[in-house]
Amino acid sequence: SSRLAGFVQAAAQSGDAALRRSRPAALWVRGDADRVITAAAVMRTEEYLRDHTAARVSLVPGLGHGVSKEVLAEVREFLIQLEVVAPAEE
């Protein structure tokens with residue numbers, strides 16, 4: 001399934017093995033000033049993404065727990081690379 005935001009739970013999930021085999025493209029963009037998601041959850045998510053996906057990970061300086069223009073630009077570029085959306089015409 002698709003997610004716009006989230007982090008990895010501590011317990012193993014039923015689809016983990018299949019995800020590890022398929023290694024889908026994933027994008028995780030987060031702010032370095034996020035005080036909502038714990039450091040343990042960040043570390044767990046980074047490890048999980050590295051082991052289960054072909055992840056593109058980006059850290060936005062100064063961003064808290066939210067979305068910014070930089071985050072939206074990252075999402076758009078990711079979707080263009082996946083050919084989900086077309087690049088803007090000039």
Side-chain angles (χ1 to χ4, degrees):
S1 67
S2 300
R3 298 284 182 266
L4 178 58
F7 60 92
V8 175
Q9 298 293 325
Q13 302 296 308
S14 62
D16 286 351
L19 191 63
R20 185 183 293 238
R21 285 191 302 275
S22 67
R23 298 190 58 81
L27 173 66
W28 189 38
V29 184
R30 66 180 191 85
D32 68 356
D34 188 338
R35 302 295 177 245
V36 175
I37 305 300
T38 66
V42 169
M43 289 175 43
R44 190 171 55 244
T45 301
E46 287 174 344
E47 181 179 309
Y48 187 89
L49 289 173
R50 183 178 58 249
D51 293 345
H52 292 80
T53 71
R56 174 176 159 182
V57 178
S58 182
L59 188 64
V60 179
L63 180 65
H65 188 74
V67 176
S68 67
K69 288 181 182 179
E70 293 85 1
V71 171
L72 294 176
E74 291 260 5
V75 170
R76 186 175 190 290
E77 182 60 33
F78 181 71
L79 294 175
I80 288 170
Q81 288 178 349
L82 293 179
E83 298 179 345
V84 174
V85 299
E89 293 185 22
E90 296 181 25

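Since this is a predicted model, take the numbers as computed values, not measurements. Keep in mind that the numbers below use all heavy atoms, side chains included, and drop hydrogens, waters and symmetry copies.
Taking all atoms of both residues into account, the shortest heavy-atom contact from T53 to P24 is CB-O, 3.3 Å. Nearest heavy-atom pair across L49 and A55 is CB-CB, 3.9 Å.
Cluster annotation: L19 is not connected to W28 through the hydrophobic network of ILVMFWY side chains, with a link wherever side-chain heavy atoms come within less than 4.5 Å. Taken together through direct or relayed side-chain contacts under 4.5 Å among Ile, Leu, Val, Met, Phe, Trp and Tyr, L72 and F78 form part of one hydrophobic cluster. I37 and M43 fall into different hydrophobic clusters, where Ile, Leu, Val, Met, Phe, Trp and Tyr are joined by side-chain heavy atoms under 4.5 Å apart, directly or via other members. Linking Ile, Leu, Val, Met, Phe, Trp and Tyr residues whenever their side-chain heavy atoms come within less than 4.5 Å places V60 and L79 in a single cluster. Using a 4.5 Å cut-off between side-chain heavy atoms of Ile, Leu, Val, Met, Phe, Trp and Tyr, with links allowed through other members, L59 and V8 fall into different hydrophobic clusters.
When the side-chain hydrogen bond (donor to acceptor under 3.5 Å, both in side chains) test is applied to S22, no partner is found at least two apart in sequence or on another chain. Looking at residues two or more places apart in sequence or on another chain, you find a side-chain hydrogen bond (donor to acceptor under 3.5 Å, both in side chains) between R56 and E74, Q81.
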Review point. Are L63 and E70 close enough, and set up right, to give a side chain to side chain contact (heavy atoms under 4.5 Å, CB included), and what steps lead you there?
Key: CA-CA 9 Å; L63 180 65; E70 293 85 1; over 6 Å; no
Practice item. Any chance you could lay out the side chain to side chain contact (heavy atoms under 4.5 Å, CB included) test for R20 and D16, step after step, and finish with the verdict? Key: CA-CA 6 Å; R20 185 183 293 238; D16 286 351; over 6 Å; no
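For the atom pair CG of L82 and CD of E77, the computed distance is 10.0 Å after rounding to the nearest 0.5 Å.
Although no hydrogens or angles enter the test, the distance criterion places a donor-acceptor pair under 3.5 Å between the side chain of R23 and the main chain of D51.
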